[in-house]
Asks: 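Handing you a structure now.
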2 protein chains.
Amino acid sequence: MATGRTHRPATRSRGIPEATVARLPLYLRALTALSERSVPTVSSEELAAAAGVNSAKLRKDFSYLGSYGTRGVGYDVEYLVYQISRELGLTQDWPVVIVGIGNLGAALAGYGGFASRGFRVAALIDADPAMTGRPVAGIPVQHSDDLEKIIAEDGVSIGVIATPAGVAQQVCDRLVAAGVTSILNFAPTVLSVPDGVDVRKVDLSIELQILAFHEQRKAGEEAGADSARPAAPVPPPAPRATAAPAADGGRKGPDGDVPAVMPA
Amino acid sequence: MATGRTHRPATRSRGIPEATVARLPLYLRALTALSERSVPTVSSEELAAAAGVNSAKLRKDFSYLGSYGTRGVGYDVEYLVYQISRELGLTQDWPVVIVGIGNLGAALAGYGGFASRGFRVAALIDADPAMTGRPVAGIPVQHSDDLEKIIAEDGVSIGVIATPAGVAQQVCDRLVAAGVTSILNFAPTVLSVPDGVDVRKVDLSIELQILAFHEQRKAGEEAGADSARPAAPVPPPAPRATAAPAADGGRKGPDGDVPAVMPA
DNA sequence: ATGTCTTTGTGAACGCGTGCACAAAGATGG
DNA sequence: CCATCTTTGTGCACGCGTTCACAAAGACAT
(Lines give C-alpha, C1' and ligand atoms only; values in the text may rest on other atoms or scores of the structure.)
Protein backbone atom coordinates (compact mmCIF):
# COMPACT_ATOMS: atom_id res chain seq x y z
CA MET A 1 0.00 0.00 0.00
CA ALA A 2 1.23 3.37 -0.85
CA THR A 3 0.18 5.33 2.11
CA GLY A 4 -1.07 8.53 3.42
CA ARG A 5 -2.67 11.63 2.31
CA THR A 6 -1.37 14.63 4.08
CA HIS A 7 -3.58 17.56 4.81
CA ARG A 8 -7.37 17.63 4.59
CA PRO A 9 -7.67 15.44 7.68
CA ALA A 10 -10.94 13.67 7.07
CA THR A 11 -12.82 16.22 5.03
CA ARG A 12 -14.87 13.94 2.89
CA SER A 13 -14.78 16.04 -0.25
CA ARG A 14 -18.41 16.67 -1.20
CA GLY A 15 -19.86 13.55 0.33
CA ILE A 16 -17.52 11.07 -1.35
CA PRO A 17 -15.46 9.35 1.35
CA GLU A 18 -11.73 9.14 0.85
CA ALA A 19 -11.84 5.38 1.07
CA THR A 20 -14.29 5.30 -1.79
CA VAL A 21 -12.19 7.63 -3.92
CA ALA A 22 -9.23 5.33 -3.40
CA ARG A 23 -11.24 2.41 -4.73
CA LEU A 24 -12.69 4.11 -7.79
CA PRO A 25 -9.53 3.56 -9.86
CA LEU A 26 -9.76 -0.11 -8.95
CA TYR A 27 -13.28 -0.36 -10.24
CA LEU A 28 -12.34 1.61 -13.29
CA ARG A 29 -9.59 -0.82 -14.16
CA ALA A 30 -11.90 -3.81 -13.81
CA LEU A 31 -14.58 -2.07 -15.84
CA THR A 32 -12.14 -1.17 -18.58
CA ALA A 33 -11.15 -4.80 -18.87
CA LEU A 34 -14.81 -5.79 -19.16
CA SER A 35 -15.40 -3.07 -21.69
CA GLU A 36 -12.62 -4.44 -23.87
CA ARG A 37 -14.28 -7.82 -23.78
CA SER A 38 -17.48 -6.06 -24.89
CA VAL A 39 -19.37 -7.15 -21.82
CA PRO A 40 -22.46 -4.92 -21.70
CA THR A 41 -23.44 -5.19 -18.03
CA VAL A 42 -22.09 -6.51 -14.75
CA SER A 43 -23.65 -7.25 -11.42
CA SER A 44 -22.14 -5.80 -8.28
CA GLU A 45 -21.15 -9.33 -7.32
CA GLU A 46 -19.14 -9.97 -10.48
CA LEU A 47 -17.50 -6.59 -10.52
CA ALA A 48 -16.65 -6.80 -6.83
CA ALA A 49 -14.94 -10.14 -7.40
CA ALA A 50 -12.94 -8.69 -10.28
CA ALA A 51 -11.86 -5.73 -8.20
CA GLY A 52 -11.14 -7.81 -5.14
CA VAL A 53 -13.61 -6.16 -2.79
CA ASN A 54 -16.86 -6.87 -1.02
CA SER A 55 -19.98 -6.47 -3.15
CA ALA A 56 -21.84 -4.50 -0.49
CA LYS A 57 -18.92 -2.11 -0.28
CA LEU A 58 -18.92 -1.67 -4.01
CA ARG A 59 -22.64 -0.92 -4.10
CA LYS A 60 -22.27 1.59 -1.32
CA ASP A 61 -19.34 3.19 -3.12
CA PHE A 62 -21.39 3.58 -6.28
CA SER A 63 -24.31 4.93 -4.33
CA TYR A 64 -22.18 7.98 -3.48
CA LEU A 65 -21.91 8.72 -7.18
CA GLY A 66 -25.60 8.32 -7.83
CA SER A 67 -27.99 5.58 -8.83
CA TYR A 68 -26.33 4.24 -11.91
CA GLY A 69 -27.46 0.63 -11.66
CA THR A 70 -30.59 -1.17 -12.76
CA ARG A 71 -32.16 -3.49 -10.22
CA GLY A 72 -32.46 -7.01 -11.43
CA VAL A 73 -29.81 -6.37 -14.09
CA GLY A 74 -26.69 -4.70 -12.82
CA TYR A 75 -24.55 -1.84 -14.06
CA ASP A 76 -24.02 -0.78 -17.64
CA VAL A 77 -20.29 -1.10 -18.18
CA GLU A 78 -19.72 1.72 -20.64
CA TYR A 79 -21.86 4.15 -18.72
CA LEU A 80 -20.14 3.36 -15.45
CA VAL A 81 -16.71 3.74 -17.04
CA TYR A 82 -17.71 7.19 -18.14
CA GLN A 83 -19.21 8.19 -14.81
CA ILE A 84 -16.22 7.06 -12.77
CA SER A 85 -13.80 8.65 -15.23
CA ARG A 86 -15.66 11.89 -14.97
CA GLU A 87 -15.78 11.74 -11.19
CA LEU A 88 -12.06 11.12 -11.01
CA GLY A 89 -11.39 13.90 -13.46
CA LEU A 90 -9.93 11.61 -16.10
CA THR A 91 -12.00 13.03 -18.91
CA GLN A 92 -9.59 15.88 -19.08
CA ASP A 93 -5.92 15.91 -19.88
CA TRP A 94 -3.49 16.13 -16.97
CA PRO A 95 0.02 17.23 -17.84
CA VAL A 96 2.53 15.77 -15.39
CA VAL A 97 6.18 16.51 -14.79
CA ILE A 98 8.59 13.93 -13.44
CA VAL A 99 11.55 15.30 -11.53
CA GLY A 100 14.59 13.10 -11.03
CA ILE A 101 15.29 10.83 -13.97
CA GLY A 102 17.17 7.96 -12.40
CA ASN A 103 16.12 4.37 -12.79
CA LEU A 104 12.83 4.99 -11.08
CA GLY A 105 12.10 8.21 -12.92
CA ALA A 106 12.84 6.49 -16.19
CA ALA A 107 10.56 3.63 -15.29
CA LEU A 108 7.79 6.07 -14.51
CA ALA A 109 8.37 7.95 -17.74
CA GLY A 110 7.85 4.75 -19.69
CA TYR A 111 4.91 3.52 -17.67
CA GLY A 112 1.99 2.85 -19.96
CA GLY A 113 -0.61 3.15 -17.25
CA PHE A 114 -0.34 6.91 -17.23
CA ALA A 115 -1.19 7.80 -20.79
CA SER A 116 -4.13 5.43 -20.88
CA ARG A 117 -5.68 7.20 -17.91
CA GLY A 118 -5.46 10.73 -19.22
CA PHE A 119 -2.07 11.57 -17.78
CA ARG A 120 0.44 13.05 -20.17
CA VAL A 121 4.11 13.29 -19.32
CA ALA A 122 4.69 16.91 -20.17
CA ALA A 123 8.33 16.96 -19.18
CA LEU A 124 11.19 15.06 -17.59
CA ILE A 125 13.43 17.15 -15.39
CA ASP A 126 16.83 16.33 -13.90
CA ALA A 127 19.54 18.33 -12.20
CA ASP A 128 22.37 16.49 -13.91
CA PRO A 129 23.58 18.49 -16.94
CA ALA A 130 24.80 15.26 -18.50
CA MET A 131 21.20 14.11 -18.73
CA THR A 132 19.93 17.24 -20.41
CA GLY A 133 18.69 16.61 -23.91
CA ARG A 134 19.04 12.87 -23.68
CA PRO A 135 15.75 11.20 -24.60
CA VAL A 136 14.17 8.90 -22.02
CA ALA A 137 11.12 6.96 -23.14
CA GLY A 138 11.08 9.21 -26.16
CA ILE A 139 11.01 12.43 -24.19
CA PRO A 140 14.08 14.65 -23.95
CA VAL A 141 15.23 15.39 -20.40
CA GLN A 142 15.30 19.05 -19.48
CA HIS A 143 17.50 20.73 -16.93
CA SER A 144 16.02 21.67 -13.58
CA ASP A 145 16.97 25.30 -14.12
CA ASP A 146 13.97 25.50 -16.41
CA LEU A 147 11.57 23.90 -13.96
CA GLU A 148 9.52 27.02 -13.33
CA LYS A 149 9.29 27.89 -16.99
CA ILE A 150 8.17 24.38 -17.96
CA ILE A 151 5.45 24.27 -15.34
CA ALA A 152 4.13 27.67 -16.23
CA GLU A 153 4.09 27.07 -19.98
CA ASP A 154 2.37 23.72 -19.82
CA GLY A 155 0.01 24.59 -17.00
CA VAL A 156 1.22 21.61 -15.01
CA SER A 157 -0.52 21.04 -11.72
CA ILE A 158 0.72 17.54 -10.88
CA GLY A 159 4.35 16.78 -10.12
CA VAL A 160 6.12 13.49 -9.48
CA ILE A 161 9.25 13.54 -7.32
CA ALA A 162 11.69 10.69 -7.93
CA THR A 163 14.82 12.40 -6.70
CA PRO A 164 17.16 11.43 -3.87
CA ALA A 165 15.69 12.14 -0.45
CA GLY A 166 18.17 14.92 0.22
CA VAL A 167 16.82 17.26 -2.42
CA ALA A 168 13.18 16.22 -2.38
CA GLN A 169 12.03 19.07 -0.15
CA GLN A 170 13.78 21.70 -2.27
CA VAL A 171 12.29 20.27 -5.41
CA CYS A 172 8.92 20.17 -3.72
CA ASP A 173 9.21 23.82 -2.71
CA ARG A 174 10.09 24.87 -6.23
CA LEU A 175 7.24 22.86 -7.71
CA VAL A 176 4.75 24.37 -5.30
CA ALA A 177 6.06 27.88 -5.83
CA ALA A 178 5.72 27.37 -9.57
CA GLY A 179 2.09 26.41 -9.24
CA VAL A 180 1.96 22.65 -8.74
CA THR A 181 -0.80 21.70 -6.30
CA SER A 182 -0.57 17.90 -6.31
CA ILE A 183 2.57 15.91 -5.66
CA LEU A 184 3.33 12.23 -5.86
CA ASN A 185 6.44 11.62 -3.79
CA PHE A 186 8.71 8.60 -4.22
CA ALA A 187 11.54 9.96 -2.09
CA PRO A 188 11.71 8.54 1.43
CA THR A 189 11.05 11.85 3.13
CA VAL A 190 8.19 13.62 4.78
CA LEU A 191 7.42 16.63 2.63
CA SER A 192 5.98 19.73 4.17
CA VAL A 193 3.72 21.74 1.95
CA PRO A 194 1.39 24.69 2.39
CA ASP A 195 -2.33 24.23 2.76
CA GLY A 196 -4.15 23.46 -0.43
CA VAL A 197 -1.42 21.22 -1.79
CA ASP A 198 -2.00 17.47 -1.81
CA VAL A 199 0.82 15.04 -1.30
CA ARG A 200 0.69 11.30 -1.72
CA LYS A 201 3.72 9.18 -1.07
CA VAL A 202 4.89 5.81 -2.25
CA ASP A 203 7.66 4.25 -0.23
CA LEU A 204 8.86 0.97 -1.61
CA SER A 205 10.85 0.01 1.43
CA ILE A 206 7.93 0.62 3.79
CA GLU A 207 5.83 -1.91 1.95
CA LEU A 208 8.51 -4.53 2.32
CA GLN A 209 8.87 -3.79 6.01
CA ILE A 210 5.17 -4.33 6.56
CA LEU A 211 5.42 -7.64 4.75
CA ALA A 212 8.41 -8.57 6.89
CA PHE A 213 6.40 -7.92 10.00
CA HIS A 214 3.71 -10.35 9.00
CA GLU A 215 6.27 -12.79 7.69
CA GLN A 216 8.06 -12.81 11.02
CA ARG A 217 4.76 -13.38 12.76
CA LYS A 218 3.95 -16.31 10.53
CA ALA A 219 7.39 -17.80 11.10
CA GLY A 220 7.35 -17.36 14.87
CA GLU A 221 3.77 -18.50 15.19
CA GLU A 222 4.69 -21.83 16.73
CA ALA A 223 8.35 -21.48 17.51
CA GLY A 224 10.37 -19.76 20.22
CA ALA A 225 7.85 -17.80 22.25
CA ASP A 226 9.33 -14.44 23.03
CA SER A 227 12.96 -15.00 23.97
CA ALA A 228 15.08 -12.59 22.02
CA ARG A 229 17.29 -14.66 19.78
CA PRO A 230 19.44 -11.77 18.51
CA ALA A 231 22.48 -10.85 20.52
CA ALA A 232 21.80 -7.59 22.31
CA PRO A 233 18.43 -6.92 23.92
CA VAL A 234 19.99 -3.74 25.32
CA PRO A 235 18.31 -2.98 28.63
CA PRO A 236 16.55 0.37 29.00
CA PRO A 237 19.58 2.63 29.00
CA ALA A 238 20.45 5.11 31.70
CA PRO A 239 19.19 8.47 30.49
CA ARG A 240 21.67 11.24 29.93
CA ALA A 241 21.80 14.27 32.17
CA THR A 242 20.49 16.92 29.79
CA ALA A 243 17.92 16.15 27.21
CA ALA A 244 19.12 17.12 23.78
CA PRO A 245 17.17 20.11 22.57
CA ALA A 246 17.59 18.86 18.99
CA ALA A 247 17.39 22.40 17.71
CA ASP A 248 15.89 21.78 14.36
CA GLY A 249 16.32 24.74 12.09
CA GLY A 250 12.82 25.37 10.86
CA ARG A 251 11.09 22.83 8.69
CA LYS A 252 13.98 21.42 6.75
CA GLY A 253 13.03 18.16 8.36
CA PRO A 254 14.80 14.81 8.25
CA ASP A 255 16.04 15.13 4.73
CA GLY A 256 19.37 13.39 5.02
CA ASP A 257 17.87 9.96 5.05
CA VAL A 258 20.12 7.04 4.43
CA PRO A 259 19.65 5.91 0.89
CA ALA A 260 18.48 7.89 -2.03
CA VAL A 261 15.79 6.55 -4.26
CA MET A 262 17.90 7.21 -7.25
CA PRO A 263 21.38 8.56 -7.73
CA ALA A 264 19.75 10.51 -10.55
CA MET B 1 -0.03 5.36 -1.18
CA ALA B 2 0.48 1.82 -1.89
CA THR B 3 -2.75 0.26 -0.89
CA GLY B 4 -4.42 -2.69 0.54
CA ARG B 5 -3.59 -5.80 2.34
CA THR B 6 -5.54 -8.74 1.16
CA HIS B 7 -6.58 -11.48 3.51
CA ARG B 8 -6.54 -11.40 7.30
CA PRO B 9 -9.48 -8.97 7.33
CA ALA B 10 -8.85 -7.04 10.49
CA THR B 11 -7.06 -9.55 12.66
CA ARG B 12 -4.88 -7.24 14.66
CA SER B 13 -1.85 -9.51 14.89
CA ARG B 14 -1.09 -9.93 18.58
CA GLY B 15 -2.49 -6.67 19.75
CA ILE B 16 -0.58 -4.45 17.33
CA PRO B 17 -3.09 -2.74 15.03
CA GLU B 18 -2.42 -2.81 11.32
CA ALA B 19 -2.44 0.97 11.16
CA THR B 20 0.30 1.06 13.73
CA VAL B 21 2.41 -1.52 11.89
CA ALA B 22 2.13 0.60 8.77
CA ARG B 23 3.56 3.58 10.65
CA LEU B 24 6.44 1.83 12.36
CA PRO B 25 8.67 2.05 9.28
CA LEU B 26 7.98 5.77 9.22
CA TYR B 27 9.12 6.19 12.79
CA LEU B 28 12.10 3.99 12.12
CA ARG B 29 13.22 6.18 9.27
CA ALA B 30 12.95 9.34 11.35
CA LEU B 31 14.76 7.68 14.25
CA THR B 32 17.55 6.46 12.00
CA ALA B 33 18.08 9.99 10.79
CA LEU B 34 18.27 11.22 14.39
CA SER B 35 20.61 8.41 15.28
CA GLU B 36 22.99 9.47 12.54
CA ARG B 37 23.02 12.95 13.96
CA SER B 38 23.89 11.37 17.31
CA VAL B 39 20.79 12.73 18.96
CA PRO B 40 20.41 10.73 22.19
CA THR B 41 16.73 11.27 22.96
CA VAL B 42 13.57 12.65 21.37
CA SER B 43 10.22 13.67 22.70
CA SER B 44 7.08 12.30 21.16
CA GLU B 45 6.37 15.79 19.92
CA GLU B 46 9.63 16.13 18.02
CA LEU B 47 9.56 12.64 16.60
CA ALA B 48 5.94 13.01 15.55
CA ALA B 49 6.77 16.18 13.66
CA ALA B 50 9.66 14.46 11.92
CA ALA B 51 7.47 11.54 10.92
CA GLY B 52 4.57 13.74 9.93
CA VAL B 53 2.00 12.39 12.37
CA ASN B 54 0.10 13.41 15.47
CA SER B 55 2.08 13.08 18.72
CA ALA B 56 -0.78 11.39 20.56
CA LYS B 57 -0.97 8.82 17.81
CA LEU B 58 2.72 8.20 18.03
CA ARG B 59 2.60 7.67 21.78
CA LYS B 60 -0.30 5.28 21.44
CA ASP B 61 1.53 3.42 18.71
CA PHE B 62 4.58 2.99 20.92
CA SER B 63 2.43 1.95 23.83
CA TYR B 64 1.51 -1.17 21.86
CA LEU B 65 5.17 -2.13 21.81
CA GLY B 66 5.70 -1.51 25.51
CA SER B 67 6.74 1.31 27.76
CA TYR B 68 9.94 2.40 26.15
CA GLY B 69 9.87 6.08 27.05
CA THR B 70 10.92 8.04 30.10
CA ARG B 71 8.46 10.59 31.38
CA GLY B 72 9.82 14.05 31.48
CA VAL B 73 12.58 13.11 29.02
CA GLY B 74 11.34 11.27 25.98
CA TYR B 75 12.52 8.21 24.10
CA ASP B 76 16.06 6.92 23.81
CA VAL B 77 16.77 6.97 20.09
CA GLU B 78 19.09 3.99 19.84
CA TYR B 79 16.96 1.82 22.03
CA LEU B 80 13.82 2.67 20.10
CA VAL B 81 15.53 1.98 16.79
CA TYR B 82 16.39 -1.45 18.07
CA GLN B 83 12.93 -2.19 19.45
CA ILE B 84 11.11 -1.16 16.31
CA SER B 85 13.56 -3.01 14.11
CA ARG B 86 13.04 -6.12 16.17
CA GLU B 87 9.28 -5.75 16.09
CA LEU B 88 9.28 -5.37 12.32
CA GLY B 89 11.59 -8.33 11.96
CA LEU B 90 14.41 -6.30 10.47
CA THR B 91 17.06 -7.73 12.75
CA GLN B 92 17.13 -10.74 10.52
CA ASP B 93 18.09 -11.07 6.90
CA TRP B 94 15.25 -11.27 4.37
CA PRO B 95 16.19 -12.63 0.98
CA VAL B 96 13.95 -11.20 -1.74
CA VAL B 97 13.45 -12.13 -5.36
CA ILE B 98 12.37 -9.64 -7.97
CA VAL B 99 10.51 -11.07 -10.94
CA GLY B 100 10.27 -9.04 -14.11
CA ILE B 101 13.38 -7.00 -14.82
CA GLY B 102 12.09 -4.16 -16.93
CA ASN B 103 12.67 -0.55 -16.08
CA LEU B 104 10.78 -0.85 -12.84
CA GLY B 105 12.38 -4.13 -11.82
CA ALA B 106 15.79 -2.66 -12.53
CA ALA B 107 14.97 0.40 -10.46
CA LEU B 108 13.91 -1.81 -7.59
CA ALA B 109 17.04 -3.92 -7.91
CA GLY B 110 19.17 -0.82 -7.51
CA TYR B 111 17.10 0.71 -4.75
CA GLY B 112 19.31 1.42 -1.76
CA GLY B 113 16.48 1.45 0.72
CA PHE B 114 16.23 -2.31 0.67
CA ALA B 115 19.68 -3.35 1.76
CA SER B 116 19.79 -0.81 4.55
CA ARG B 117 16.65 -2.31 6.05
CA GLY B 118 17.74 -5.90 6.10
CA PHE B 119 16.40 -6.87 2.71
CA ARG B 120 18.79 -8.64 0.41
CA VAL B 121 18.08 -9.06 -3.26
CA ALA B 122 18.72 -12.76 -3.59
CA ALA B 123 17.90 -12.98 -7.27
CA LEU B 124 16.55 -11.17 -10.30
CA ILE B 125 14.32 -13.27 -12.52
CA ASP B 126 13.04 -12.57 -16.00
CA ALA B 127 11.31 -14.62 -18.67
CA ASP B 128 13.26 -13.09 -21.53
CA PRO B 129 16.21 -15.33 -22.49
CA ALA B 130 18.03 -12.27 -23.80
CA MET B 131 18.17 -10.92 -20.27
CA THR B 132 19.60 -14.07 -18.73
CA GLY B 133 23.07 -13.58 -17.38
CA ARG B 134 23.10 -9.87 -17.96
CA PRO B 135 23.98 -8.04 -14.75
CA VAL B 136 21.50 -5.50 -13.44
CA ALA B 137 22.59 -3.44 -10.46
CA GLY B 138 25.46 -5.86 -10.13
CA ILE B 139 23.28 -8.94 -9.97
CA PRO B 140 23.04 -11.33 -12.90
CA VAL B 141 19.51 -11.92 -14.16
CA GLN B 142 18.37 -15.51 -14.06
CA HIS B 143 15.81 -17.18 -16.26
CA SER B 144 12.36 -17.82 -14.90
CA ASP B 145 12.70 -21.53 -15.61
CA ASP B 146 14.85 -21.68 -12.50
CA LEU B 147 12.38 -19.80 -10.31
CA GLU B 148 11.46 -22.72 -8.12
CA LYS B 149 15.06 -23.79 -7.65
CA ILE B 150 16.21 -20.30 -6.71
CA ILE B 151 13.49 -19.85 -4.12
CA ALA B 152 14.10 -23.22 -2.57
CA GLU B 153 17.88 -22.84 -2.38
CA ASP B 154 17.86 -19.38 -0.88
CA GLY B 155 14.89 -19.92 1.39
CA VAL B 156 13.15 -16.91 -0.09
CA SER B 157 9.81 -16.04 1.46
CA ILE B 158 9.26 -12.59 -0.04
CA GLY B 159 8.70 -12.01 -3.73
CA VAL B 160 8.34 -8.81 -5.73
CA ILE B 161 6.32 -8.92 -8.93
CA ALA B 162 7.22 -6.28 -11.52
CA THR B 163 6.03 -8.10 -14.61
CA PRO B 164 3.36 -7.10 -17.12
CA ALA B 165 -0.15 -7.52 -15.78
CA GLY B 166 -0.90 -10.39 -18.11
CA VAL B 167 1.53 -12.80 -16.50
CA ALA B 168 1.39 -11.55 -12.92
CA GLN B 169 -1.05 -14.17 -11.71
CA GLN B 170 0.96 -17.03 -13.21
CA VAL B 171 4.13 -15.69 -11.66
CA CYS B 172 2.31 -15.29 -8.38
CA ASP B 173 1.08 -18.88 -8.50
CA ARG B 174 4.56 -20.20 -9.14
CA LEU B 175 6.03 -18.09 -6.36
CA VAL B 176 3.44 -19.30 -3.89
CA ALA B 177 3.79 -22.91 -4.98
CA ALA B 178 7.54 -22.61 -4.49
CA GLY B 179 7.13 -21.40 -0.93
CA VAL B 180 6.85 -17.62 -1.06
CA THR B 181 4.36 -16.36 1.52
CA SER B 182 4.62 -12.58 1.06
CA ILE B 183 4.24 -10.76 -2.22
CA LEU B 184 4.69 -7.15 -3.21
CA ASN B 185 2.79 -6.62 -6.43
CA PHE B 186 3.51 -3.79 -8.85
CA ALA B 187 1.42 -5.18 -11.69
CA PRO B 188 -1.98 -3.57 -12.12
CA THR B 189 -3.92 -6.73 -11.36
CA VAL B 190 -5.81 -8.21 -8.47
CA LEU B 191 -3.88 -11.28 -7.42
CA SER B 192 -5.67 -14.20 -5.86
CA VAL B 193 -3.66 -16.18 -3.37
CA PRO B 194 -4.40 -18.96 -0.90
CA ASP B 195 -4.89 -18.25 2.76
CA GLY B 196 -1.74 -17.54 4.68
CA VAL B 197 -0.12 -15.56 1.89
CA ASP B 198 0.11 -11.80 2.25
CA VAL B 199 -0.14 -9.53 -0.75
CA ARG B 200 0.51 -5.82 -0.81
CA LYS B 201 0.11 -3.87 -3.99
CA VAL B 202 1.56 -0.66 -5.31
CA ASP B 203 -0.23 0.86 -8.25
CA LEU B 204 1.41 3.96 -9.60
CA SER B 205 -1.47 4.99 -11.77
CA ILE B 206 -3.99 4.70 -8.93
CA GLU B 207 -2.08 7.24 -6.89
CA LEU B 208 -2.17 9.70 -9.74
CA GLN B 209 -5.88 9.16 -10.23
CA ILE B 210 -6.55 9.97 -6.60
CA LEU B 211 -4.53 13.14 -6.96
CA ALA B 212 -6.47 14.02 -10.10
CA PHE B 213 -9.71 13.67 -8.20
CA HIS B 214 -8.66 16.21 -5.60
CA GLU B 215 -7.09 18.41 -8.24
CA GLN B 216 -10.34 18.52 -10.16
CA ARG B 217 -12.18 19.40 -6.99
CA LYS B 218 -9.79 22.22 -6.26
CA ALA B 219 -10.14 23.55 -9.80
CA GLY B 220 -13.91 23.37 -9.90
CA GLU B 221 -14.34 24.73 -6.40
CA GLU B 222 -15.59 28.10 -7.57
CA ALA B 223 -16.30 27.55 -11.22
CA GLY B 224 -19.07 25.91 -13.21
CA ALA B 225 -21.36 24.29 -10.66
CA ASP B 226 -22.37 20.92 -11.98
CA SER B 227 -23.04 21.32 -15.68
CA ALA B 228 -21.13 18.68 -17.54
CA ARG B 229 -18.62 20.47 -19.71
CA PRO B 230 -17.37 17.40 -21.58
CA ALA B 231 -19.26 16.39 -24.68
CA ALA B 232 -21.25 13.26 -23.95
CA PRO B 233 -23.06 12.83 -20.64
CA VAL B 234 -24.63 9.70 -22.16
CA PRO B 235 -28.04 9.26 -20.61
CA PRO B 236 -28.73 6.01 -18.74
CA PRO B 237 -28.76 3.63 -21.68
CA ALA B 238 -31.57 1.27 -22.49
CA PRO B 239 -30.59 -2.07 -20.99
CA ARG B 240 -30.10 -5.05 -23.27
CA ALA B 241 -32.47 -7.91 -23.27
CA THR B 242 -30.34 -10.60 -21.71
CA ALA B 243 -27.75 -9.87 -19.09
CA ALA B 244 -24.36 -11.17 -20.07
CA PRO B 245 -23.46 -14.15 -17.91
CA ALA B 246 -19.76 -13.24 -18.29
CA ALA B 247 -18.79 -16.84 -17.80
CA ASP B 248 -15.43 -16.38 -16.16
CA GLY B 249 -13.34 -19.49 -16.34
CA GLY B 250 -12.29 -20.00 -12.75
CA ARG B 251 -10.11 -17.46 -11.05
CA LYS B 252 -7.91 -16.35 -13.91
CA GLY B 253 -9.42 -12.96 -13.29
CA PRO B 254 -9.12 -9.75 -15.27
CA ASP B 255 -5.54 -10.24 -16.30
CA GLY B 256 -5.57 -8.68 -19.72
CA ASP B 257 -5.41 -5.15 -18.45
CA VAL B 258 -4.47 -2.44 -20.85
CA PRO B 259 -0.88 -1.51 -20.26
CA ALA B 260 1.85 -3.58 -18.79
CA VAL B 261 4.07 -2.16 -16.11
CA MET B 262 7.07 -3.21 -18.05
CA PRO B 263 7.54 -4.83 -21.40
CA ALA B 264 10.19 -6.84 -19.58
C1' DA C 1 13.21 15.69 50.94
C1' DT C 2 10.02 18.47 48.71
C1' DG C 3 8.13 21.06 44.94
C1' DT C 4 7.92 22.12 40.20
C1' DC C 5 8.09 21.09 35.54
C1' DT C 6 8.15 18.17 31.60
C1' DT C 7 6.55 14.36 29.07
C1' DT C 8 4.69 9.81 28.84
C1' DG C 9 0.91 6.49 28.82
C1' DT C 10 -3.95 5.81 28.51
C1' DG C 11 -9.14 6.23 29.47
C1' DA C 12 -12.85 7.78 26.99
C1' DA C 13 -15.42 9.91 23.28
C1' DC C 14 -16.07 10.37 18.59
C1' DG C 15 -16.15 9.57 13.68
C1' DC C 16 -15.27 6.81 9.70
C1' DG C 17 -15.43 2.56 7.27
C1' DT C 18 -17.25 -2.07 6.77
C1' DG C 19 -20.52 -5.63 6.31
C1' DC C 20 -25.05 -7.66 7.20
C1' DA C 21 -29.50 -8.06 5.89
C1' DC C 22 -33.59 -6.52 3.85
C1' DA C 23 -36.98 -3.76 1.53
C1' DA C 24 -37.84 -1.50 -2.82
C1' DA C 25 -37.34 -1.57 -7.77
C1' DG C 26 -37.40 -3.31 -11.93
C1' DA C 27 -37.11 -7.21 -15.32
C1' DT C 28 -39.13 -11.30 -17.05
C1' DG C 29 -42.63 -14.82 -17.94
C1' DG C 30 -47.22 -16.39 -18.09
C1' DC D 1 -52.03 -7.55 -15.29
C1' DC D 2 -50.03 -10.35 -11.85
C1' DA D 3 -46.48 -13.34 -9.88
C1' DT D 4 -41.84 -14.39 -9.43
C1' DC D 5 -37.13 -13.65 -9.47
C1' DT D 6 -32.96 -11.01 -9.55
C1' DT D 7 -30.20 -7.31 -8.03
C1' DT D 8 -29.73 -2.73 -6.38
C1' DG D 9 -29.63 0.76 -2.74
C1' DT D 10 -29.40 1.59 2.13
C1' DG D 11 -30.61 1.48 7.29
C1' DC D 12 -28.23 -0.22 10.99
C1' DA D 13 -24.89 -2.05 14.03
C1' DC D 14 -20.24 -2.91 15.02
C1' DG D 15 -15.34 -2.35 15.30
C1' DC D 16 -11.14 0.09 14.28
C1' DG D 17 -8.57 4.23 14.35
C1' DT D 18 -7.93 8.91 15.82
C1' DT D 19 -7.85 12.53 18.98
C1' DC D 20 -8.50 14.93 23.30
C1' DA D 21 -7.35 15.56 27.76
C1' DC D 22 -5.44 14.30 32.01
C1' DA D 23 -3.42 11.69 35.72
C1' DA D 24 0.83 9.37 36.86
C1' DA D 25 5.74 9.19 36.57
C1' DG D 26 9.97 10.62 36.59
C1' DA D 27 13.73 14.41 36.17
C1' DC D 28 15.62 18.36 38.11
C1' DA D 29 16.38 22.30 41.20
C1' DT D 30 16.55 24.04 45.63
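Chain A is the first sequence line, chain B the second, and so forth, proteins listed ahead of strands; every chain is numbered from 1. Values reported hereafter were calculated over all heavy atoms of this structure, with side chains retained and with hydrogens, waters and symmetry mates removed. What you see is a predicted model; the values in this text were computed from it and never measured.
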Asks: In whole angstrom, give the distance that lies between atom CG of B:Leu58 and atom P of D:dC20.
Replies: 14 Å

Asks: Measuring to OP1 and OP2 of C:dG9, would you say a side-chain N or O of B:Tyr75 lies under 4.0 angstrom away?
Replies: yes

Asks: Test B:Tyr82 against B:Tyr79 for ring-ring contact (aromatic ring centres under 6.0 Å, His included), laying out the working first.
Replies: CA-CA 5 Å; B:Tyr82 172 75; B:Tyr79 186 57; 7.1 Å; no

Asks: With nearest nucleotide decided by heavy atoms, which residue, B:Gly74 or A:Asp61, maps closer to the 5′ end of DNA chain C?
Replies: B:Gly74

Asks: Between B:Ser43 and B:Lys60, who's closer to the 5' end of DNA chain C by nearest nucleotide?
Replies: B:Ser43

Asks: Under 4.0 angstrom, heavy atoms only, what part of the nucleic acid is B:Thr20 near: base, sugar-phosphate, or nothing?
Replies: nothing

Asks: Within a strict 4.5 Å, meaning less than it, do heavy atoms of the B:Ile161 and B:Leu184 side chains meet?
Replies: no

Asks: Name the one of B:Leu88, B:Asp198, B:Val197 that satisfies side-chain contact (heavy atoms from CB on, under 4.5 Å) with A:His214?
Replies: B:Asp198

Asks: For nucleotides 1-6 of chain C, which of its nitrogen or oxygen atoms have a protein nitrogen or oxygen under 3.5 Å away, and what is each distance?
Replies:
none

Asks: Is the distance from OP1 or OP2 of D:dT7 to the nearest side-chain N or O of A:Ser44 less than 4.0 Å?
Replies: no

Asks: Ignoring backbone atoms, establish whether A:Asn54 has a side-chain N or O less than 4.0 Å from OP1 or OP2 of C:dC20.
Replies: yes

Asks: I need the CZ-P distance between A:Arg59 and D:dG9, as an integer number of Å.
Replies: 9 Å

Asks: Using the ring-ring contact (aromatic ring centres under 6.0 Å, His included) criterion, which residues pair with B:Tyr75? Sequence neighbours excluded.
Replies: B:Phe62

Asks: Provide, to the nearest angstrom, the distance between the CZ atom belonging to A:Phe62 and the C1' atom belonging to C:dA25.
Replies: 19 Å

